[in-house]
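What follows is a single structure, written as structure tokens, with notes after it.
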Amino acid sequence: IKIGKTYTPPANANWGGSRVDLVGISCYSSQDLIHWESRGIVLPAVTDDPSHDLYVKGVAERPKVVYNSHTNKFVMWLHIDSMDYKANYRGSY
């Protein structure tokens with residue numbers, strides 16, 4: 001999606017204020033910033049451990065992915081929190 005001079009992947013569309021269970025973090029890629037391809041869920045939620053950071057009832061938002069050319073790996077950074085936003089974890093996964 002292009003608005004003015006800014007490209008935004010379709011997954012960033014307005015979520016409407018509804019709370020849904022965490023499924024995982026999806027990733028998208030584009031070779032031209034116009035056509036986007038879903039790469040699927042690259043960091044899945046955890047369904048069987050309520051104490052896990054990525055438990056389905058938690059919050060995971062604003063993921064960023066960078067490529068580290070020294071290790072040849074992608075690194076994801078995101079905000080993880082409890083449903084009441086009191087945990088406020090940040091870190092790479």
Once rounded to the nearest 0.5 Å, what's the spacing between atom [atom1] of [X] and atom [atom2] of [Y]?
X   : Y   : atom1 : atom2 : answer
Q31 : W36 : CD    : CH2   : 11.0 Å
K64 : M76 : NZ    : CE    : 11.0 Å
R62 : I25 : CZ    : CD1   : 11.0 Å

Inset, instruction - Among Ile, Leu, Val, Met, Phe, Trp and Tyr joined by side-chain contacts under 4.5 Å, find the other residues sharing a cluster with V56 and list them by chain and number. - result: Y55
Legend entry - side-chain contact (heavy atoms from CB on, under 4.5 Å) assessment of I80 paired with V59: CA-CA 6 Å; I80 294 176; V59 173; over 6 Å; no
Restricting to non-hydrogen atoms, name the atom on [X] and the atom on [Y] that form the minimum distance, rounded to 0.1 Å.
X   : Y   : result
I41 : S26 : CG1-OG, 3.9 Å
L78 : P63 : CB-CA, 3.8 Å
H35 : S30 : O-OG, 2.9 Å
D81 : A87 : OD1-N, 2.9 Å
G58 : L22 : O-CB, 4.1 Å

Inset, instruction - Walk me through it: do V65 and W77 pass the test side-chain contact (heavy atoms from CB on, under 4.5 Å)? - result: CA-CA 6 Å; V65 176; W77 180 271; over 6 Å; no
Legend entry - Side-chain touch L54/L43, heavy atoms, less than 4.5 angstrom: yes
Legend entry - Residues in side chain to side chain donor-acceptor pair (under 3.5 Å) contact with E37, at least two apart in sequence or another chain: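 Applying side chain to side chain donor-acceptor pair (under 3.5 Å) to E37 gives none.
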Legend entry - V66, T71, N72 screened by side chain to side chain contact (heavy atoms under 4.5 Å, CB included) with N68, the one that passes: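 The single option meeting the side chain to side chain contact (heavy atoms under 4.5 Å, CB included) with N68 is T71.
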